[in-house]
Amino acid sequence: MIPSHEKLVARLVQAGDLPQHWRAAFEQVERHRFLPDQITDADGATVDRTREADRWLTLAYDDIPVVTQLDDGTGDGSGYPTSSASQPSIVADMLRRLDVFPGMRALEVGTGTGYNAALLSHLLGDDSVTSIEVDPELAEQARVSLMSAGFAPLVVTGDGTQGWPARAPFDRVISTAAVQRVPYHWIAQTRPGGRILTPWGNAFHNGVLADLQVGPHGTAQGRFGGDAAFMWVRDQRVPRRVVETHVRPREQEFTTARTKLHPYEPVGDFEASFAIGLRMPTVLNRVEFPDEDEQRFTVFLVDPGTASWASWHIDQSPGVSDHEVRQHGPRALFAELEAAYEWWQRSGRPEHTRFGLTVSADRQQIWLDHEANTVTPDRAA
Ligand SMILES: C[S@@+](CC[C@H](N)C(=O)[O-])C[C@H]1O[C@@H](n2cnc3c(N)ncnc32)[C@H](O)[C@@H]1O
């Protein structure tokens with residue numbers, strides 16, 4: 001192992017992220033072999049291996065996600081990340097939670113660079129691993145990287161939300177792209193008793209991991225855990241730039257109110273915002289800080305489907321104790337947020353691990369503590 005690789009593995013072991021049976025795979029699969037020559041750093045700058053070899057290698061073995069594709073590879077977007085090699089500690093955490101062992105057959109959704117598929121192949125053997133990637137160029141590049149690193153799982157080019165029935169049933173399905181709705185194909189293609197692990201979230205909160213077990217009657221059930229913000233599967237992406245598209249054109253049409261509520265907890269706290277997102281899953285929140293004034297900022301709530309928005313104008317200047325709220329459209333989004341926040345408080349401020357979901361052929365039902373205690377969105381999502 002090169003020193004930076006050795007350091008990364010030692011760090012994962014020390015943090016307790018790497019179970020013993022995964023250690024050999026993490027030691028032998030070299031992450032840098034799966035990265036393209038041009039990667040994007042945390043500030044959005046391109047790092048070219050041929051010009052900055054040391055920095056490129058440092059990024060390959062830092063415990064960070066490395067962005068490997070922007071704008072679906074079209075080259076003409078706003079620089080929106082569309083593929084990455086996920087953060088190694090999160091890769092390790094997901095593989096640990098997947099509870100997968102030799103002798104099992106796994107489907108990975110979102111091949112990306114092929115790094116995670118290589119780890120799975122190391123543990124399970126090539127024939128037991130199927131990985132599916134929607135982007136043909138990424139799929140082909142992953143096949144090449146896997147081959148040159150000595151692995152040959154089946155890499156399929158296609159829409160992973162459909163699963164891959166030709167190799168079903170699987171013991172495990174692991175998605176490395178986030179969903180808002182767990183595709184039923186994954187459940188139909190997993191044997192009873194098998195597990196499905198996927199990043200899960202909604203427009204309000206991205207996200208957590210959903211850890212599901214498939215039951216005997218074609219449903220899957222499990223709880224949320226972890227803290228994982230992943231890229232969305234392509235057809236479940238949330239809209240972007242919603243303030244520009246949905247607020248600015250109607251910025252002068254609103255009703256006003258005043259509130260003492262500060263967004264610190266309902267928007268800024270992981271647990272509170274996760275719970276609130278379950279009640280208003282289609283609503284995005286965006287925070288804008290004006291450059292010149294550190295005391296003031298605005299939180300926007302936007303529901304693109306109904307063209308409703310709210311803006312919450314926070315003033316933290318000394319002596320100011322309440323904030324202006326503006327609302328527009330058929331949904332009073334700030335009032336809904338207040339109600340959802342009160343519900344979370346009344347419910348004993350539950351953490352995300354107390355929530356779970358049951359997925360059947362026709363629906364995905366969220367619950368708190370037990371299946372009968374359902375949580376439903378304020379409006380049909
Ligand atoms: C975070 S990256 C995956 C990281 C990858 N597992 C690795 O080890 O490098 C998410 C990937 O999911 C892919 N993706 C998005 N939607 C998909 C879909 N519907 N089916 C299959 N792959 C999809 C993206 O193109 C992207 O490459």
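Just so you know, these numbers come straight off a predicted model, no measurement behind them. Order of appearance sets the numbers: ligands from 1, and atoms from 1 within every ligand.
- Proximity to N116 (heavy-atom distance under 4.0 Å) selects the following atoms of ligand 1: 6 (N), 8 (O).
- Under a 4.0 Å criterion applied to the non-hydrogen atoms of D159, ligand 1 contributes the atoms 18 (C), 19 (N), 20 (N).
- Protein heavy atom nearest atom 26 (C) of ligand 1, with residue, atom name and distance: S83 OG, 3.4 Å.
- Polar contact with ligand 1: absent for S86 (N/O pair, distance under 3.5 Å).
- The side-chain tip of R191 does not point at the ring of F170 from less than 6.0 angstrom away and within 45° of straight on.
- Shown in contact with T111 at under 4.0 Å from a heavy atom are these atoms of ligand 1, numbered in order with element: 5 (C), 6 (N), 7 (C), 8 (O), 9 (O).
- Proximity to A177 (heavy-atom distance under 4.0 Å) selects the following atoms of ligand 1: 12 (O).
- With a 4.0 Å cut-off on non-hydrogen atoms, I132 touches ligand 1 through its backbone and not its side chain.
- Ligand 1 is approached by E108 to a heavy-atom distance shorter than 4.0 Å.
- In summary, the side chains of S78 and R240 do present a donor paired with an acceptor at a separation below 3.5 Å, with no hydrogens or angles considered.
- When only non-hydrogen protein atoms are considered, atom 12 (O) of ligand 1 lies nearest to G110 CA, 3.4 Å.
- Remark: distances from the non-hydrogen atoms of G158 to ligand 1 include one below 4.0 Å.
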Exercise. Could you walk me through whether R195 and D211 pass the salt bridge (charged side-chain N to carboxylate O under 4.0 Å, His left out) test, one step at a time?
Key: CA-CA 7 Å; R195 302 265 293 268; D211 186 350; 3.2 Å; yes

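- If you check each of E133, Q69, R234, M94 against atom 13 (C) of ligand 1, the one with the closest non-hydrogen atom is E133.
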Quiz prompt | Derivation of the salt bridge (charged side-chain N to carboxylate O under 4.0 Å, His left out) call for R181 and D235 | solution = CA-CA 11 Å; R181 297 170 300 282; D235 70 352; 5.7 Å; no

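- Judged by the 6.0 Å and 45° rule, R96 forms no cation-pi pair with W22.
- Of the N and O atoms on the side chains of T376 and T374, not one donor lies less than 3.5 Å from an acceptor on the other residue.
- Taking only nitrogen or oxygen atoms, main chain and side chain alike, G160 reaches within less than 3.5 Å of ligand 1.
- Shortest contact from atom 17 (C) of ligand 1 to any protein heavy atom: V134 CG1, 3.5 Å.
- Side-chain contact between V9 and L18 is present, with at least one heavy-atom pair separated by less than 4.5 Å.
- Proximity of T68 to ligand 1, defined as any heavy-atom pair under 4.0 Å, is not found for any part of the residue.
- Of all the atoms in ligand 1, the ones that sit under 4.0 Å from a non-hydrogen atom of A85 are 9 (O).
- There is a side-chain donor-acceptor pair under 3.5 Å between S131 and E108.
- Residues I314 and H323 approach most closely at CA-ND1, 3.6 Å, considering heavy atoms.
- In this structure, the side chain of D63 engages the main chain of S89 through a donor-acceptor pair within 3.5 Å.
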Quiz item: Is there a salt bridge (charged side-chain N to carboxylate O under 4.0 Å, His left out) between R234 and D159 once you walk through the steps?
Solution: CA-CA 9 Å; R234 277 199 185 171; D159 178 1; over 6 Å; no

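- Considering only non-hydrogen protein atoms, atom 10 (C) of ligand 1 sits nearest to T176 O, 3.5 Å.
- Those atoms of ligand 1 that come under 4.0 Å of a heavy atom in L138, given as number and element, are 25 (O), 27 (O).
- Residues T256 and V325 are not in side-chain contact: their nearest non-hydrogen atoms beyond the backbone lie 4.5 Å or more apart.
- Using a 4.0 Å cut-off between heavy atoms, T82 contacts ligand 1 through its backbone alone, with no side-chain atom that close.
- Looking only at heavy atoms of the protein, atom 9 (O) of ligand 1 is closest to T113 OG1, 2.6 Å.
- Here the heavy atom of the protein found nearest to atom 4 (C) of ligand 1 is S84 O, 3.1 Å.
- For the pair R49 and W56, the cation-pi test (distance below 6.0 Å, angle within 45°) is passed.
- Here is the list of ligand 1 atoms found below 4.0 Å of a heavy atom in Y115: 8 (O).
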